[in-house]
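Please read the structure below before turning to the comments.
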Amino acid sequence: MLKSILHLDLDTFFVSCERLMDSKLNNRPVLIGGTSDRGVVAACSYEARQYGIHSAMPMRMARQLCPHATVIRGNSVVYSEFSDAVTEIVKERSPMFEKSSIDEFYVDVSGMDRYVKQTYQWAQELREEIIRETHLPISFGLSTSKTVSKVGTGEAKPNNFMRIENGYEKPFLAPLSVKKIPMVGDQTYRLLRSMGVERVRTVQQMPVELMERVLGKNGAVIWKKAQGIDNSPVVPYYERKSLSMERTFDSDTTDVYKLRAIVIGMAENLAFQLRHDNKITACVTVKVRYSDFQTHSKQKRIPYTSLDHTLIEVVKDLFDKVYDRRVLVRLVGVRFSHLIGGSYQIRLFEDSFKLIKLYQAMDKVRDRYGQQAVVRAMGMGSKTLARPNPFNGQTAVANG
Ligand SMILES: [Mg+2]
């Protein structure tokens, strides 16, 4: 059956949230990110982009390019709330949807035309409702695949929408820059440019073998996307995997210091795993099973994050709340759920450049030495993670 997939993306989401809270920011260049000179731009308004500013640029450079820009430290609490409000509307109206990042959704509307109404009209009504209820600008693309719809959203922006009809995917993509194909990052783009490939049309005309030879396996995937071929499914929000760790003790314990250290270690390991997978979480659960097999757990919704120092505080707090019987403990566990993609931007606001570097360095060390421990703990489920965590010192720095 022919698929019909809608991609929705809130326009300059962080900036739009800030503008809802302070209308003086409307029509002005706005930079969001770390506010110190060592900070990094996480997001910027269209007015700032005209000065050549883009996300991931050092804040110092952005300030030089546009000295009259308003610089705001990002607020993941507020953005998470706005994101939830939009998610609720999408959830209520959609047969099946995927939240792919804090401000992006895919909805599988295949077959809807036959039962409900014209998909295109339905999508416009959904968009109007989101704008009416949240006052956030949002754009969408509608086509037969995730890739083409996402590219369509990008072409429709700002605050607009478009449909690419079945059979027109290839000509729609042809004149666009290869940079617009999802998956083509800076490195791939440079490589393609060095081969003289600038437009998607050129990739469409190349033999797939050539793309494979130059870019390996990814080359074939990019070639397919360039043809408008993409069968990847919409993964329902509720099926998004959570990350969790548990430990069952050989002999039950009431040693609260030991137990707390273990759940903190789990939080660190899982946070590393999140960053490694480029994901962020919005829900933390801590579980304690007593020797009489009574299991208590506590859950907390939190602003999206993947940072140790934030997650550890939540886990510690939940553990202290859930561990309320002074009875022998048989098992403890930590779970991060409500996972979505994209840790990068959200990490930039609370972080100075120094802190970002620190996390990168920590993660690099773990990639080399610690990943084994993470994999082992995840794979075996029980009786793991007894090792002391070597990053406590650095995490303390991150806390301060
Ligand atoms: Mg967006």
Side-chain angles (χ1 to χ4, degrees), residues 5-21 25-26 29-33 40-50 53-57 62 72 74-91 94 97-107 123-124 126-143 146-162 176-177 179-185 234 237 278-280 282 303-306 338-349:
I5 299 195
L6 171 68
H7 176 258
L8 294 146
D9 189 351
L10 291 149
D11 297 338
T12 56
F13 176 54
F14 301 152
V15 173
S16 299
C17 293
E18 295 293 343
R19 283 178 170 164
L20 285 183
M21 295 184 291
L25 298 172
N26 290 343
V30 177
L31 311 177
I32 294 175
V40 175
V41 178
C44 60
S45 68
Y46 282 103
E47 293 81 3
R49 288 180 200 178
Q50 285 167 5
I53 297 168
H54 55 80
S55 59
M57 176 182 274
I72 298 172
N75 183 339
S76 58
V77 177
V78 171
Y79 308 156
S80 295
E81 279 168 13
F82 279 116
S83 172
D84 283 354
V86 177
T87 308
E88 280 308 309
I89 299 168
V90 175
K91 190 165 150 188
S94 304
F97 79 103
E98 171 180 339
K99 183 171 182 177
S100 59
S101 77
I102 195 163
D103 64 345
E104 259 181 286
F105 304 86
Y106 289 99
V107 186
Q124 289 173 50
L126 173 61
R127 174 174 170 271
E128 279 159 20
E129 185 177 345
I130 292 167
I131 294 171
R132 196 169 52 239
E133 297 288 325
T134 67
H135 303 285
L136 291 166
I138 185 165
S139 302
F140 77 74
L142 178 66
S143 80
K146 283 172 112 174
T147 296
V148 176
S149 294
K150 188 177 166 73
V151 176
T153 304
E155 293 306 293
K157 274 172 183 292
N159 207 9
N160 214 332
F161 52 89
M162 75 180 297
L176 303 178
S177 161
K179 217 179 185 170
K180 299 213 166 156
I181 302 175
M183 261 183 84
V184 175
V234 171
Y237 189 40
N278 193 33
K279 293 232 159 66
I280 44 185
Y304 285 107
T305 188
S306 64
H338 292 51
L339 305 187
I340 57 171
S343 69
Y344 180 65
Q345 271 192 319
I346 227 114
R347 281 169 63 186
L348 295 180
F349 346 122

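Both counts, for ligands and for their atoms, begin at 1 and track the order of listing. Just so you know, residue 1 is the first one in the sequence shown, and it goes up from there.
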Item to check | Heavy-atom closest pair, residues P303 and S80 | outcome: CA-OG, 3.4 Å
Checklist entry - So, is F13 placed with an N/O/S atom under 2.8 Å from the Mg ion (ligand 1), counting both backbone and side chain? => result no
Checklist entry - Is K99 close enough and on-axis enough to F105, meaning under 6.0 Å and within 45°, for cation-pi? => result no
Checklist outcome for this item: Looking at D9, the N, O or S atom sitting nearest the Mg ion (ligand 1) is OD1
Item to check | Among the N, O or S atoms of D103, the one nearest the Mg ion (ligand 1) | outcome: OD2
Checklist entry - Who passes side-chain contact (heavy atoms from CB on, under 4.5 Å) against A123, sequence neighbours left out? => result L6, F140
Checklist entry - Do the ring planes of Y106 and H7 sit parallel (below 30°), tilted (30 to 60°) or perpendicular (above 60°)? => result tilted
